Each structure stands twice: as C-alpha cells, then as structure tokens.
Amino acid sequence: MNWRHQNVRLRRLEAEAIYIMREVVSEFRNPVMLYSMGKDSSALLHVAQKAFHPGKPPFPLLHVDTTWKFREMIAFRDATAARLGMDMLVYVNQEGVARGVSPVSSGPTIHTQVMKTEGLRQALDKWRFDAAFGGARRDEEKSRAKERIFSHRSASHSWDPRNQRPELWRLFNTRIKAGESMRVFPLSNWTELDVWEYIRAENIPVVPLYFAKPRPVVERDGTLIMVDDVRLPLAPGEKPRMMEVRFRTLGCYPLTGAIRSSAATLDAIIAELRGSTSSERQGRVIDHDQAGSMEKKKREGYF
Amino acid sequence: MRSPAPVAAGERERSDSVDKRPALRFLTCGSVDDGKSTLIGRLLYEQHLVFDDHLAALERDSKKNGTNGKDIDFALLLDGLEAEREQGITIDVAYRYFASPRRAFVVADTPCHEQYTRNMATGASNADLAVLLVDARKGLLSQTHRHAIIASLMGIRHVVLAVNKIDLVGFDQAVFERISSSFRGFAGPLGFKDIKAIPVSGRHGDNVSSRSGRTPWYSGPHLLDYLETVDVEDERAGKPFRMPVQWVSRPNSDFRGFAGTIVSGDVKPGDEIAVLPSGQITRIKRIVGAGGDLEAAQALDSVTIALAEEIDVARGDMLAALRDRPQVADQFVAHLVWMSSEHLFPGRSYFMKINNCTTAATVTEIKHQVDVNTLAKLAAKTLALNEVGVCNLSVARAVAFDAYADNRDTGAFILIDRYSNETVAAGMIDFALHRATNIHHQKQTVSNAERSNLMHQRPAVLWFTGLPGAGKSTIANLVEAALHARGAHTIMLDGDNVRHGLNRDLGFTETDRVENIRRIGEVAKLMTDAGLIVLCSFISPFRAERRMVRELLDGEEFIEVFVDTPIEQCIARDPKGLYARALAGEIKNFTGVDQSYEVPENPELHLMAGSTDAERLAGEVVDALLRRKVL
C-alpha cells in the first residue's frame with residue numbers, strides 16, 4: 001500500500017521540499033544541512049535521501065553541539081551518519097567551553113547565545129558554507145511565520161525581517177554576494193502533525209526520547225526536566241522521580257521540558273497531538289525568557 | 001463578545017480523517033481597518049485551533065497592546081513581529097497553517113496599505129483563493145478595486161467578498177446587497193470563476209464558523225463552510241505535460257537523469273516528449289523513485305526522469321508533451337509588478353529567473369502602465385515601486401514558456417537587479433513577440449574577422465568613463481591621434497556629438513541616460529563588426545549600463561578605461577562651466593552634483609588622471625592596446 005495515493009497533501013509537501021533542496025544544490029557552491037537529531041531533522045534528512053536518489057545528497061551534515069544534548073541524541077546522531085554513509089561534521093564552540101558556559105551556570109539565554117548561535121556562526125565561517133538547510137517550520141512560532149523559505153543572511157549572519165526578498169511562485173532568488181549566505185527551510189510549509197504523519201508513512205527512525213517511557217525527572221517551575229547525567233545539580237532534598245514521560249521537542253536536556261504521556265508508538269503520538277491543547281514549543285525554556293524572544297535570537301543569527 | 005461554549009479536550013480532537021487533499025491556499029486582503037487579522041484570529045479561535053499557551057499570551061498581550069478594551073484582540077494572534085505589535089500594523093506577508101476536520105488551510109496574511117502592492121502580489125502568487133474584506137460601513141474603496149485587480153492579475157480565480165462589521169450597520173440586508181452587487185459589477189471584466197459574498201462580523205463571530213441568527217436574510221454558507229467546500233482543484237492535471245529541468249543527476253557513469261518538478265500534466269515511461277528550446281525529441285525511459293521506478297507521475301510530483309536517448313539536456317531546459325509544446329522565444333510581452341524602490345530602466349540589463357533558468361533580460365519598451373485602481377492604461381517611461389505595467393522584454397537566450405493565463409508556473413518570472421541582487425519585479429507573460437523569430441540574423445559572407453584582418457588590427461571598444469571634466473575626451477583624442485599615426489583604423493564617439501544627432505530626442509533623466517548608452521553600445525558594436533577600433537567617451541555613470549555594452553560585444557573587445565580625477569579637480573577645471581551652473585541649481589541630474597557616479601569595480605585600465613598629464617595617460621592606453629595585440 002502506498003500512502004501517496006491516499007494523502008496528496010503529504011505528497012505535495014514532500015515534492016516541494018525536494019524541489020527546494022535541488023534548487024540549492026544547483027545554485028550554491030557549498031551547501032550544508034544543519035542536523036539537530038530532532039524529528040524535523042529526521043524528516044528533512046529523509047527527504048534529502050529521496051531528492052538525490054540514486055545518488056547521495058551532495059552535501060555534508062553539520063551538528064552544532066552545545067555539549068548538553070541528551071545522550072540518546074548523540075548516540076542517534078552517530079548511528080544515523082553511519083547508516084546513511086554521510087559526512088557528519090560536529091562543531092563545538094571551544095571558546096564557550098573554555099569560559100565554562102553552560103545552561104546550569106550561565107542560564108538559558110547566554111548558553112544558547114554562545115553555544116548555539118555563536119557556535120553556528122563560527123561553524124559556517126570555518127567551512128565557508130554559502131547555504132545551510134534547516135528544519136524550521138513556519139507554524140512553530142509567530143516570527144517564523146514571516147520567514148522566507150530562502151532567508152538571506154548578511155556577511156555577519158544577521159537577519160533583517162524588514163528587508164526580506166519577496167518569494168513569488170517557486171522562483172527563488174538565490175543570488176548572494178561574497179561572504180553572504182542563505183538559510184533554507186524546505187519544511188517551511190509543513191505543520192508539526194505533517195512531520196509526524198510523514199515519519200509514520202515513511203517509517204523514518206527518530207530518537208527514542210519522543211516515545212513515552214519511565215524516565216528520571218525533577219519538576220522545576222512546572223517544567224519536568226529529565227536528569228540525563230550527573231551534571232544537573234539537584235537542590236537539597238530534590239530527588240529524581242521515575243515518571244512516564246516523552247518529549248515533544250528536543251534540545252539541551254536542562255532546557256527541555258518533558259510531557260507526561262503514555263504515547264509509546266507513532267500512532268499514539270499522532271493521536272495525542274490531534275488532541276493537544278498546548279503548542280509545540282511550550283516545553284522550550286529558551287523561548288520564554290523574554291517577549292519576542294525568538295525574533296531577537298533570529299536577528300542575531302540563531303536558526 | 002460571544003465566546004464559544006467550553007469544550008472538553010476530547011472534543012478538540014481532530015480526527016484522523018482530516019482532508020488528504022492538498023491544503024487550500026488563500027490570502028486575505030483589505031484596507032488597514034477592515035479587520036483582516038481579527039477575522040482570521042476569530043476563525044482560529046472558534047475552531048479551537050489556538051493552543052492554551054498561545055491563548056494565555058494573547059490575553060496578556062490584549063491587555064497591554066489590544067484595541068478592544070478588555071476583550072481579546074484576535075488581531076494580535078496574527079501580527080507577529082515586535083514592531084508590528086507596537087504599531088498595530090502588519091508589515092510583511094505572514095503564513096498561517098490550520099486545519100478544520102474537513103480541510104487543511106494555508107493563509108497568507110498580506111498587508112494592503114497603499115504602498116504594499118508588492119506584498120499582495122507575493123502572497124497571491126501562490127494562492128488559489130482571495131478573501132477580500134470590505135467594511136460594511138464604508139462599502140467598496142479604491143483599495144478593494146486594487147485588491148481585486150491584483151488578485152485577477154496574479155491568476156486567482158476564486159474570490160470571497162467578506163462584508164465585515166455587518167453588526168455596525170445593524171445587520172442590514174440592503175447594505176450587504178448593495179455592496180455585493182456593486183462588486184460583481186466592477187469585477188465583471190476580471191475573469192473570476194466565482195465570487196461568493198458573505199456578511200460577517202470578525203469581532204463577534206457572525207457567519208465566521210457558524211451561521212448567524214442575526215442575518216436571517218442570508219441563506220448561504222458561513223465563511224469556514226465555504227472555504228472547506230470550495231473546489232479550486234485547478235486544471236494542472238488536464239494540461240499538457242511540462243517539466244522544467246532543475247538538476248542533472250549523474251551519480252555514476254551508468255546513470256544520467258533529469259530531476260525536476262512536473263508543473264502540469266502527467267507522464268509515464270514510453271511517452272514521447274520534446275526538449276525545449278532545442279526541439280530535440282525522445283521518449284521517457286524510466287521515472288526513477290527512491291523505492292523503485294514509478295509507473296507514472298503527475299503534476300506537482302518531484303521526479304527524476306531518464307530519457308531513451310543520450311541527448312544534451314541542461315538545467316533550464318523544459319521537457320514537454322510532444323504534441324502540445326510550449327512556445328520558445330527571446331522576446332515577449334508581459335505584465336510586470338515593480339517591487340523595488342529603484343525604478344525600472346528600459347534598456348538596463350537585469351537577470352530573469354524563469355523555469356529554473358536564469359538569463360539576462362531587458363525591458364525594451366514600456367507599452368503602458370496599468371492603473372491598479374481602475375485598469376486604465378497610462379503612458380509611462382518608467383515603473384516605480386508598486387506600479388504595474390505592460391512591457392516588451394528581450395532575453396539573452398531563447399526560453400520555453402506558456403502564457404501565464406494558460407499556465408501559472410511556466411508563464412511566470414522574476415527580475416533580479418544584477419548589483420544589489422534584489423528581486424525587482426514579478427512578471428507574467430502574455431504572449432511571444434515573433435518579431436525576433438522572424439528577423440533571423442542574416443548570414444554574412446564576409447566575416448568580422450576578415451574585415452579587421454584586412455586592416456591588420458583587432459576590433460575593440462575603448463570605453464572612457466569618468467566624471468564630467470575628468471579629461472575623458474582630451475585623453476581619447478590623444479589616443480586616437482596616436483593610433484591614427486600608427487595606421488590604425490579608428491572612429492570616435494563623443495557624448496556631446498552623439499547627443500546632437502542620433503540621441504537628440506533624449507534628455508538627462510536616469511531613464512534617458514540608460515537609453516542613450518544602449519544606443520551608443522549598439523552603434524559601437526556595428527563599428528567593431530566593421531573592424532574598427534572605437535573610442536567612446538561618455539560619463540556613463542551607471543555600472544549596469546557599462547556592463548550592458550560589455551555584454552553586447554565579444555569577449556575581449558570591450559576595454560573599460562576609468563579616467564579617475566578627484567571631483568574637486570573636475571570642479572576646478574570645469575571646462576564648460578557646467579559644474580558652476582549645476583552647483584547653482586541651474587542644471588538638474590548633473591553627475592557628481594545631484595546624480596551619483598558609480599565607480600568601475602574592475603576596469604581594464606585605471607588612469608590616475610588627477611596626478612598625471614594627459615599625454616602620458618594616452619601613452620598608457622596605447623601600450624595596453626599593444627599588450628592586448630589589438631594593434
């Protein structure tokens with residue numbers, strides 16, 4: 001049975017993402033695909049395999065490692081690179097490491113700024129990439145809703161939301177000057193539900209953290225934080241409890257809230273999502289530290 | 001404010017049977033205060049599509065920035081960027097995704113201020129339907145006309161006329177009927193397939209996602225019901241096969257495939273196809289998929305196709321149905337929506353992106369401007385931001401296309417500025433100009449090379465550019481005298497002299513300056529065909545035009561000579577007294593005073609004319625010609 005005959009909506013979304021990827025490969029000198037191990041990255045990477053079949057995707061993957069990802073994410077990353085036979089570049093902002101920046105001691109804003117945003121900029125400069133694919137979707141967040149599919153960045157990687165190129169039809173203006181670059185979002189028009197339906201339809205591997213299972217968590221300000229390793233300091237008397245939880249998005253473990261759930265299969269996740277009353281990024285600590293927070297980060301070069 | 005009855009979380013559940021059709025893509029447009037964002041926000045809210053954490057933020061924001069007192073301001077759900085929230089306006093196109101149990105939707109929310117035609121055109125280019133909002137109290141405004149005209153121009157065939165704020169006219173049927181019938185009257189010539197008028201109140205929810213008891217005289221569907229059921233499936237499937245080649249796949253020496261997205265029609269192995277613009281004919285051998293070969297592919301599938309014969313196919317070519325091919329031409333008539341704050345210059349070279357093909361293009365003539373409020377034809381020498389015009393265009397290589405009215409994918413293009421890389425225009429092709437195909441280049445018996453060989457020289461254009469008073473003509477004259485003395489065959493084209501004859505109809509506006517240079521470039525080209533060394537001495541302040549002349553000529557024929565004299569020195573010399581008059585405001589558009597001079601980036605020769613005398617500089621030019629074996 002082929003889902004393509006039943007679900008034209010998903011089929012069109014896949015075709016559009018393939019079109020965007022091929023356009024990048026045709027028009028840019030040195031593209032890269034940002035890889036974060038999340039469900040969107042998994043879907044993106046899967047589409048890339050199809051876009052360039054029978055060849056391999058003609059670009060490497062890049063993971064900007066904050067050193068605070070869940071251990072299962074790192075294991076999944078390495079297994080994925082091996083399974084697909086693709087180059088996986090890993091970049092850590094060593095300057096941030098040397099300064100001791102961490103989500104625990106520096107707080108979410110500084111940690112994200114240094115280890116993710118600056119790390120990404122350093123990595124893009126180091127390998128001189130002129131186009132970088134990301135898995136961001138417009139339905140994630142309000143300022144993302146105005147993001148272009150081909151999002152132009154200055155030589156200093158900044159985004160100017162007031163001065164974006166209009167995107168007409170599927171005629172993407174890919175021209176850039178020396179030093180400038182493009183962030184490209186092939187899944188722009190997908191919703192969270194589309195991503196999960198695609199993962200189910202194509203049987204795409206995802207990090208097991210998305211599936212419910214008893215895990216050791218502590219509750220802080222209403223957010224369930226999983227104790228993934230010994231680096232998470234516990235308050236006096238604070239004790240991890242085993243709870244059946246899963247994650248709706250994945251990031252740095254001290255900044256990512258789990259949700260109570262018993263959804264242990266793709267069908268159960270999709271059913272849960274259809275009934276959900278809260279948004280996807282609700283569990284992201286970094287989004288809530290200031291109003292208009294995502295837009296600020298994006299202007300500075302965050303993905 | 002009515003609020004929806006509380007529902008248990010279970011009832012919010014959207015069933016697994018959410019429509020599997022492609023999402024309905026629509027855009028909303030209306031004037032500043034017509035309540036667009038409020039209407040869509042209301043729709044999302046009533047469909048329980050607003051998440052609890054977003055709703056909590058909305059309630060907080062409504063208190064801080066809202067315009068409805070204590071009530072929830074639904075507009076804040078949509079206005080995303082910080083500045084917009086503060087100013088209470090939408091600046092750019094925002095896309096929203098939502099699904100009812102019956103259909104998925106993508107909404108392009110486009111600002112429709114006077115100055116934002118470009119944003120609406122952008123949103124409309126990918127939409128199937130437009131919701132036009134009208135304030136029931138105000139009726140049709142010039143903006144309503146404009147939005148309808150742009151929607152029609154961009155190929156939208158389905159329109160909903162949402163007569164909003166119907167509560168503020170006391171739910172008066174007569175007001176609704178008057179507005180909807182005058183809209184139908186106006187929209188008659190715009191070619192919409194259907195127009196649905198609905199009386200609504202975004203603020204209170206009447207006829208938004210349920211039938212209102214307060215408009216008993218209205219028996220049609222509510223807005224959501226209409227959007228869920230309207231059939232916009234376009235005729236892509238029934239149209240002839242078209243696939244622009246996007247990327248050539250050569251993973252190994254055994255496989256060569258052509259990757260692209262089918263934009264209309266369908267295809268299966270064995271089908272005979274034509275490759276355009278070359279016109280070669282072959283058959284489809286395989287349609288390669290990741291899970292094995294496909295038996296067929298249809299419109300909007302992204303595929304990789306292997307052909308039966310080894311023929312030359314590249315990115316930008318088009319695969320098309322053999323018996324129903326697209327047109328191929330290098331000149332055509334198109335509607336342009338101008339999107340840049342820098343005006344259109346007829347004659348200037350832009351990049352055109354059409355069907356995965358990027359080529360140089362120029363607007364050769366503006367036939368007329370279109371008044372987007374009335375459809376009236378206006379005379380125009382240029383197009384400014386947000387203006388629409390019908391133009392003749394000429395492209396550097398023949399391209400395959402269909403009329404936009406026949407195919408929204410293969411008939412659309414964008415123009416890109418070659419320096420700023422800005423997208424400056426959206427274009428919709430009306431028809432090919434066959435002038436070009438009928439005037440074939442005449443094959444000449446004596447070649448250009450044979451002509452110049454007889455003169456023992458290679459043709460060249462020495463293009464002297466620089467500020468007024470920089471010394472261009474002085475140096476050019478010295479160079480010509482030296483060349484003449486060596487027995488070279490030369491001709492001098494001087495700015496002032498050409499303006500007395502060939503170009504006496506042109507003034508000094510930017511548009512006329514572009515045309516001035518274009519004509520001189522063409523004349524210089526004819527003279528190089530005759531084998532001559534052409535000395536051109538023109539201020540030529542714009543890089544784009546100098547590049548245009550460069551591209552008219554063969555490889556090394558164009559030699560740009562930048563006569564670089566500091567402006568203070570030019571003003572001091574002022575051989576014709578023109579700086580004095582320009583500085584006194586007596587002459588407008590004077591380069592160096594109130595019009596800028598764009599310094600050459602990579603001239604073949606850079607003469608430091610401020611510090612060296614003209615004789616020595618002329619010597620440098622002659623030496624360069626010897627090095628280049630022109631002599």
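The chains referred to below are lettered A, B, ... by the order of the sequence lines, with proteins before strands, and numbering in each begins at 1. Since this is a predicted model, take the numbers as computed values, not measurements.
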J.: Should we count CG of Asp221(A) as having more than 12 external heavy atoms under 6.0 Å?
T.: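 Check fails, neighbour count at 12 or below.
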J.: Could you check which of Ala124(B), Ala412(B), Gly123(B) has the highest count of heavy-atom pairs closer than 4.5 Å to chain A?
T.: Ala412(B)
J.: State, with a plain yes or no, whether a side-chain heavy atom of Arg170(A) is found less than 4.5 Å away from one of Val263(B).
T.: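 SC-SC contact between Arg170(A) and Val263(B) confirmed.
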J.: By a 4.5 Å heavy-atom criterion (distance strictly below it), what part of Lys56(A) contacts chain B: side chain, backbone, both, or neither?
T.: neither
J.: Is chain A contacted by the side chain of Met352(B), its backbone, both, or neither, given a heavy-atom distance below 4.5 Å?
T.: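 The answer is neither part of Met352(B).
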J.: In this structure, is the centre-to-centre distance between the rings of Trp190(A) and Tyr97(B) below 6.0 Å?
T.: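 No, the ring of Tyr97(B) stays outside the 6.0 Å limit from the ring of Trp190(A), centre to centre.
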J.: Is it true that, when you exclude Asp87(A) itself, more than 12 heavy atoms of the residues, nucleotides or ligands shown sit nearer than 6.0 Å to its CG?
T.: no
J.: For the pair Ser125(B) (side chain) and Leu168(A) (backbone), establish whether a donor and an acceptor sit closer than 3.5 Å, ignoring hydrogens and angles.
T.: no
J.: Measuring heavy-atom distances to chain A, does Asn355(B) have an atom under 4.5 Å in its side chain, in its backbone, in both, or in neither?
T.: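 Looking at Asn355(B), just its backbone touches chain A.
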J.: Can you say whether Ala299(B) sits under 4.5 Å from chain A via the side chain, the backbone, both, or neither, judging by heavy atoms?
T.: backbone
J.: Answer with side chain, backbone, both or neither: which region of Ile262(B) has an atom nearer than 4.5 Å to a non-hydrogen atom of chain A?
T.: neither
J.: Would you mind checking which part of Ile176(A) comes under 4.5 Å of any heavy atom in chain B, side chain (CB onward), backbone (N, CA, C, O), both or neither?
T.: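 The backbone, not the side chain.
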J.: When rounded to the nearest 0.5 angstrom, what is the spacing between CG in Asn421(B) and NZ in Lys177(A)?
T.: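 Interatomic distance, Asn421(B) CG to Lys177(A) NZ, rounded to 0.5 Å: 6.0 Å.
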J.: State, yes or no, whether a side-chain contact exists between His53(A) and Thr304(B) at a heavy-atom distance under 4.5 Å.
T.: no
J.: Working to the nearest 0.5 Å, report the span between CZ of Arg11(A) and CG of Asp301(B).
T.: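 The CZ atom of Arg11(A) sits 4.0 Å away from the CG atom of Asp301(B).
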J.: Can you confirm whether Val288(B) sits close enough to Pro54(A) that some side-chain heavy atom of one is under 4.5 Å from a side-chain heavy atom of the other?
T.: yes
J.: Do the non-hydrogen side-chain atoms of Glu167(A) and Thr423(B) ever get within less than 4.5 Å of each other?
T.: no
J.: Nearest 0.5 Å, please: how far is CZ in Arg175(A) from OG1 in Thr358(B)?
T.: 7.0 Å
J.: Chain A heavy atoms under 4.5 Å from Ser249(B): which part of the residue, side chain, backbone, both or neither?
T.: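 Answer is side chain: those atoms of Ser249(B) sit under 4.5 Å from chain A.
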J.: If the contact rule is any heavy atom under 4.5 Å from chain B, which residues of residues 19-28 of chain A qualify, in numerical order?
T.: Tyr19(A), Arg22(A), Glu23(A), Val25(A), Ser26(A), Glu27(A)
J.: If I measure from the heavy atoms of chain A, does Phe351(B) come under 4.5 Å with its side chain, its backbone, both, or neither?
T.: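 Side chain of Phe351(B) only, per the 4.5 Å heavy-atom cut-off to chain A.
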J.: Is chain B contacted by the side chain of Asn189(A), its backbone, both, or neither, given a heavy-atom distance below 4.5 Å?
T.: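 Both backbone and side chain of Asn189(A) come within 4.5 Å of chain B.
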J.: In Å and rounded to the nearest 0.5 Å, what is the CH2 to CE distance from Trp169(A) to Met154(B)?
T.: 4.0 Å
J.: Heavy-atom cut-off 4.5 Å, strictly under: side chain, backbone, both or neither for Tyr95(B) against chain A?
T.: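 Both parts, heavy atoms under 4.5 Å.
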J.: Given heavy-atom pairs under 4.5 angstrom as the criterion, report whether the side chain, backbone, both or neither of Val248(B) touches chain A.
T.: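 No part of Val248(B) comes within 4.5 Å of chain A.
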J.: So, do Ile414(B) and Asn173(A) sit near enough that their side-chain heavy atoms are less than 4.5 Å apart?
T.: yes
J.: Considering only heavy atoms from C-beta outward, does the side chain of Glu16(A) approach that of Leu300(B) to under 4.5 Å?
T.: no
J.: Does any heavy atom of chain A fall under 4.5 Å from the side chain of Gln246(B), the backbone, both, or neither of them?
T.: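 Both the backbone and the side chain of Gln246(B) come within 4.5 Å of chain A.
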